[in-house]
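Right, one structure below, let's go through it.
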2 protein chains.
Amino acid sequence: MTFGSHIRERREALRGDDPSFSLRQVAQRVGIEPAYLSKVERGQVAPPSEATIRRIAAELSEEPDLLLAMAGKVSRELQEIIMRRPQLFAELLRQLRRAPDHALLRIVREVRDGDW
Amino acid sequence: MTFGSHIRERREALRGDDPSFSLRQVAQRVGIEPAYLSKVERGQVAPPSEATIRRIAAELSEEPDLLLAMAGKVSRELQEIIMRRPQLFAELLRQLRRAPDHALLRIVREVRDGDW
DNA sequence: TGTCATGTGTACTACATAGTACACACTCGG
DNA sequence: CCGAGTGTGTACTATGTAGTACACATGACA
């Protein structure tokens, strides 16, 4: 599922019970031209900038991190976290590359609960 | 310390006992114009592309991840790791944002040793 | 004293990114 | 049957990225 087809499906699902989710109206609320959103949804142009993707995510009640990933991007915020301690995070990420989801979740929980 | 001044100092240090680390010769081995390397080292232009930074790192025996971070970038390789499971890694990174170095190291070791 | 290598200034360029502007064709309710 | 709203095609543009090409001034050294 590409970025474009994903947001198109999401928008059409929302339009099911709310006609204000037409392409034109969503584009207006997001702050871009309807023709541009149309091309984005059909994958005719590259996905928008991070800022625009965030506004689309908010409008469609989607996870920004997920939409950004579908657009082939990683949020600038996460990049900054990595860049503060590049080798530590580089090694950690490479280490976790093949770890199963539940292992990642366990680490998240452990760190959150602060038991270390 | 900026990206430019850092690689300049590194290069000049190496030139101390090996004159083949002149700006021109390094530029040639890296595969870029001397004038361009000069401007990069003095911060007169933005840092090079990831590929060029990697070749500079190899030439100067520096850590690519570190130089990339100094250039305000995160390697495409790490970004791909994140994009495979965006929300999991997003939450993990935000969680680890304020964690001390030794905590990160502990996790790296734990994952490497596979004790889970 | 010339020449060789050094670092740097200036001008230019190809390509990618992130869109805008406007016209067009369709369709559906009043 | 018409007008409002819908999605889309075409053309254009401003800014950023990632450099190249060439000329110039300097200093060492043989």
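In what follows, chains are A, B, ... by sequence order, proteins preceding strands, each numbered from 1. Every value quoted in this text rests on a predicted model; they were computed, and no experiment measured them.
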Please state how far atom [atom1] in [X] lies from atom [atom2] in [N], giving the value in whole angstrom units.
| X | N | atom1 | atom2 | value |
| --- | --- | --- | --- | --- |
| R55(B) | dA18(D) | CZ | C1' | 11 Å |
| L23(B) | dT6(C) | CG | C1' | 8 Å |
| L37(B) | dG9(C) | CG | C1' | 15 Å |
| R54(A) | dA18(C) | CZ | C1' | 17 Å |
| F21(B) | dT6(C) | CZ | P | 13 Å |
| K73(B) | dT17(D) | NZ | P | 8 Å |
| E33(B) | dC12(C) | CD | P | 17 Å |
| R15(B) | dA5(C) | CZ | C1' | 12 Å |

[N] phosphate, OP1 or OP2, under 4.0 Å from [X] side-chain N/O:
| X | N | result |
| --- | --- | --- |
| S38(B) | dG9(C) | no |
| T52(A) | dG19(C) | yes |
| R11(A) | dG7(D) | yes |
| S22(B) | dG7(C) | yes |

Starting at the 5' end of DNA chain D and moving along, which residue's nearest nucleotide shows up first, G31(B) or R42(A)?
R42(A)

Quick check for you: to the nearest 0.5 Å, what is the distance between I107(B) atom CD1 and E91(A) atom CD?
12.5 Å

Interatomic distance, CD@E50(B) vs NZ@K73(B), rounded to 0.5 Å, equals 8.0 Å

Evaluate the side-chain proximity of R94(B) to D65(A): yes if any heavy-atom separation is below 4.5 Å, no if none is.
yes

Between E59(B) and R11(B), is the closest basic N to carboxylate O distance under 4.0 Å?
no

Out of dG19(D), dT8(C), dA18(C), which has the shortest distance to the side chain of I32(B)?
dG19(D)

Both A35(A) and R24(B) contact DNA chain C. Which one's nearest nucleotide lies toward the 5' end?
R24(B)

When you measure from the centre of the six-membered ring of F21(B), is the NZ or CZ of R29(B) under 6.0 Å away and within 45° of the axis?
yes

Any donor-acceptor pair under 3.5 Å joining the side chain of K39(A) to the base of dT17(C)?
no

